[in-house]
Amino acid sequence: MDPLIRDLKSTTFFGQRLTRRQIVRVQETVELFPKLSRTELAHTLCVQCGWQTPKGSNRVQFAQRLLEELERVGILTLPERQGTGRGPQQPIELSARTAPQPTLQGPLAGLRPVQLRLAGGPAEAAEWNEWVERYHPLGYRQPVGAHLRYFLLDRAGRKLGCLGFDFAASRLACRDAWIGWSEQARQKRIQLVLRNGRYLLFPWVQVEHLASHALGLAARQLARDWQQRHGYRPVLLESYTDPER
């Protein structure tokens with residue numbers, strides 16, 4: 001344990017008492033995610049540590065103040081400020097670029113090689129958001145912390161769908177039982193688990209086996225892309241199926 005943490009006279013910050021182990025976890029999280037902004041770090045800690053209001057909102061202000069205080073006493077070093085933060089999610093205006101297209105049918109072989117390409121830059125991220133908002137049953141939701149957006153493309157470069165990945169839920173009973181980890185191990189390693197937060201094949205794309213093929217591509221490619229973008233390599237990916245859909 002860092003001597004600065006061990007020798008703290010008090011571990012109560014802004015009315016909330018933390019354990020020294022929790023402070024170590026905050027320190028480790030900041031070191032693990034060097035490319036996240038301060039706001040993204042605060043959201044990440046809220047998810048990992050369960051810092052939510054009674055209504056379920058992340059206690060971002062508390063997390064940000066805690067980070068700044070721990071930096072002041074030398075326990076961690078925060079990234080440079082990047083403005084005032086993202087603020088609430090803005091409404092997405094639908095445009096002609098995501099208009100419905102003619103039905104695409106046929107064997108998977110007619111589309112191969114299929115590839116997943118990262119959405120690069122603000123313009124492509126905004127386009128990805130628009131596709132998901134328009135056609136995914138859950139719409140678009142602003143991700144918390146580190147994440148990756150992918151377009152699914154056929155061999156001609158046509159967009160077939162969108163996949164999004166971010167942090168797994170802090171607690172998930174069936175997953176935690178399957179892994180078999182202790183509470184201490186879960187707290188330490190939960191950042192190594194990612195979830196497939198959005199999976200969209202456009203409704204006019206009706207190609208058998210494409211969905212499982214694309215998820216297989218993601219399972220093989222995601223860890224490498226995540227390490228290049230966010231600085232560490234995850235080891236487990238979870239996805240969800242709504243049987244009613």
Side-chain angles (χ1 to χ4, degrees), residues 33 35-48 52-53 55-60 82-101 104 114-154 157-170 172 191 193-207 210-212 214-215 217-219 221-222 225-226 229-230 234 237-245:
F33 303 116
K35 297 182 180 181
L36 293 187
S37 68
R38 295 182 179 215
T39 300
E40 289 172 327
L41 281 170
H43 278 287
T44 299
L45 288 169
C46 288
V47 172
Q48 291 182 342
Q52 276 87 34
T53 68
K55 292 184 178 180
S57 301
N58 287 337
R59 296 177 58 199
V60 177
Q82 299 180 10
T84 58
R86 296 178 300 181
Q89 179 174 314
Q90 299 299 315
I92 295 177
E93 296 185 7
L94 304 182
S95 66
R97 67 182 174 180
T98 60
Q101 299 178 19
L104 177 60
V114 175
Q115 64 171 311
L116 287 172
R117 180 173 61 78
L118 285 167
E124 284 203 335
E127 181 186 350
W128 188 98
N129 298 348
E130 185 179 331
W131 284 110
V132 172
E133 175 67 18
R134 189 164 195 162
Y135 296 110
H136 195 283
L138 300 178
Y140 169 72
R141 295 294 181 272
Q142 187 169 269
V144 173
H147 59 278
L148 290 178
R149 299 176 175 92
Y150 289 96
F151 288 113
L152 179 64
L153 309 175
D154 72 358
R158 289 180 297 183
K159 292 184 175 73
L160 307 175
C162 301
L163 286 78
F165 299 89
D166 55 12
F167 288 125
S170 178
L172 189 64
Q191 73 276 357
V193 185
L194 304 182
R195 69 164 187 154
N196 178 204
R198 287 292 184 270
Y199 192 163
L200 168 67
L201 294 183
F202 300 146
W204 53 87
V205 179
Q206 301 170 14
V207 178
L210 175 61
S212 57
L215 192 57
L217 290 176
Q221 179 177 338
L222 180 61
D225 290 343
W226 193 273
R229 179 71 63 85
H230 299 301
L237 169 64
E238 61 190 33
S239 62
Y240 303 87
T241 299
D242 183 348
E244 295 184 357
R245 297 186 182 277

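Everything numeric here is computed off the predicted structure, so don't read it as measured data. Excluded from the calculations below are hydrogen atoms, water molecules and symmetry mates; all remaining heavy atoms, backbone and side chain alike, are included.
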Engineer: Going through the checks in order, is the side chain to side chain contact (heavy atoms under 4.5 Å, CB included) test met by K159 and E127?
Structural biologist: CA-CA 11 Å; K159 292 184 175 73; E127 181 186 350; 3.3 Å; yes

Engineer: Give me the atom names and distance for the closest heavy-atom approach of A99 to R134.
Structural biologist: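 Here A99 and R134 meet closest at N-NH1, 3.8 Å.
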
Engineer: Roughly how far, to the nearest 0.5 Å, is CZ of F167 from OG1 of T44?
Structural biologist: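 Output value for this atom pair is 4.0 Å.
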
Engineer: Provide the closest heavy-atom pair for A218 versus L163 in the form atom of the first, atom of the second, distance.
Structural biologist: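 That closest heavy-atom pairing would be CB-CD2, 4.3 Å.
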
Engineer: With a 4.5 Å limit on heavy-atom distance, are the side chains of R141 and R198 in contact?
Structural biologist: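 With C-beta onward as the side chain, the pair touches.
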
Engineer: Measuring from N196:CG to L222:CG, what's the distance to the nearest 0.5 Å?
Structural biologist: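 Interatomic distance, N196 CG to L222 CG, rounded to 0.5 Å: 9.0 Å.
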
Engineer: How many angstroms lie between CG in L118 and CH2 in W226, if you round to the nearest 0.5 Å?
Structural biologist: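 So the CG of L118 and the CH2 of W226 are separated by 11.0 Å.
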
Engineer: Mind listing the closest non-hydrogen atom pair of P234 and L194 along with its distance?
Structural biologist: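 Closest heavy-atom pair between P234 and L194: CG-CD1, 3.5 Å.
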
Engineer: Report yes if the side chains of C162 and E130 come closer than 4.5 Å at any heavy-atom pair, otherwise no.
Structural biologist: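 No; the side chains remain at least 4.5 Å from each other.
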
Engineer: Determine the interplanar angle of the H147 and H230 rings, folded into 0 to 90°, and report it as parallel if under 30°, tilted if 30 to 60°, perpendicular if over 60°.
Structural biologist: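 Tilted.
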
Engineer: What's the verdict on side chain to side chain contact (heavy atoms under 4.5 Å, CB included) for R195 and Y240, showing C-alpha distance, side-chain angles and the deciding distance?
Structural biologist: CA-CA 8 Å; R195 69 164 187 154; Y240 303 87; 4.1 Å; yes

Engineer: For the residue pair N58 / Q52, report whether a side-chain donor-acceptor contact shorter than 3.5 Å exists.
Structural biologist: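 Their side chains do contain a donor-acceptor pair, which is all the 3.5 Å distance test asks for.
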
Engineer: Check the pair L160 / L104 against side chain to side chain contact (heavy atoms under 4.5 Å, CB included), numbers first and verdict last.
Structural biologist: CA-CA 9 Å; L160 307 175; L104 177 60; 3.6 Å; yes

Engineer: Once you measure the plane-to-plane angle for W204 and W131, does it fall in the parallel (<30°), tilted (30-60°) or perpendicular (>60°) bin?
Structural biologist: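 Correct class here is tilted.
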
Engineer: Roughly how far, to the nearest 0.5 Å, is CD of Q142 from CD1 of I92?
Structural biologist: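 If we round to the nearest 0.5 Å, I92:CD1 and Q142:CD are 9.5 Å apart.
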
Engineer: In the structure I gave you, are the side-chain heavy atoms of R149 and V132 within less than 4.5 Å of one another anywhere?
Structural biologist: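 The answer is no, as the side chains (C-beta and beyond) never meet within the 4.5 Å cut-off.
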
Engineer: What are the two closest non-hydrogen atoms of S239 and L215, and how far apart are they?
Structural biologist: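 Taking S239 first and L215 second, the nearest heavy atoms are OG-CD2, 4.1 Å.
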
Engineer: CG of L200 to OH of Y140: how many Å apart, nearest 0.5 Å?
Structural biologist: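 The CG atom of L200 sits 14.0 Å away from the OH atom of Y140.
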
Engineer: Can a donor-acceptor pair be found, under 3.5 Å and without considering hydrogens, that links the side chain of Q221 to the backbone of L116?
Structural biologist: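 Side chain of Q221 to backbone of L116: a pair is present.
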
Engineer: Testing the basics here: between A119 and A125, what is the closest heavy-atom pair and its distance to 0.1 Å?
Structural biologist: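 Smallest heavy-atom distance, with atoms named: CB-N, 4.3 Å.
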
Engineer: Please lay out, stage by stage, how T39 and H43 fare under the test side chain to side chain contact (heavy atoms under 4.5 Å, CB included).
Structural biologist: CA-CA 6 Å; T39 300; H43 278 287; 3.7 Å; yes

Engineer: Let me confirm one number: the CD-CG distance from Q48 to L41, rounded to the nearest 0.5 Å.
Structural biologist: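 With rounding to 0.5 Å, CD (Q48) is 9.5 Å from CG (L41).
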
Engineer: Measure the shortest side-chain to side-chain distance between D225 and F165 over non-hydrogen atoms and say whether it is less than 4.5 angstrom.
Structural biologist: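 No, every pair of side-chain atoms sits at 4.5 Å or beyond.
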
Engineer: For Y135 and F202, take the angle between the two ring planes, folded into 0 to 90°, and tell me which bin it lands in: parallel under 30, tilted 30 to 60, perpendicular over 60.
Structural biologist: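 Tilted: the ring planes of Y135 and F202 meet at 30° to 60°.
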
Engineer: Taking N129's backbone N and O only, do any of them form a donor-acceptor pair with E133's side chain (distance below 3.5 Å, no angle check)?
Structural biologist: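 Pair absent, no side-chain N/O of E133 close to backbone of N129.
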
Engineer: Where the side chain of E40 meets the backbone of S37, is there a donor-acceptor pair that is under 3.5 Å apart?
Structural biologist: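 It does hold such a pair.
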
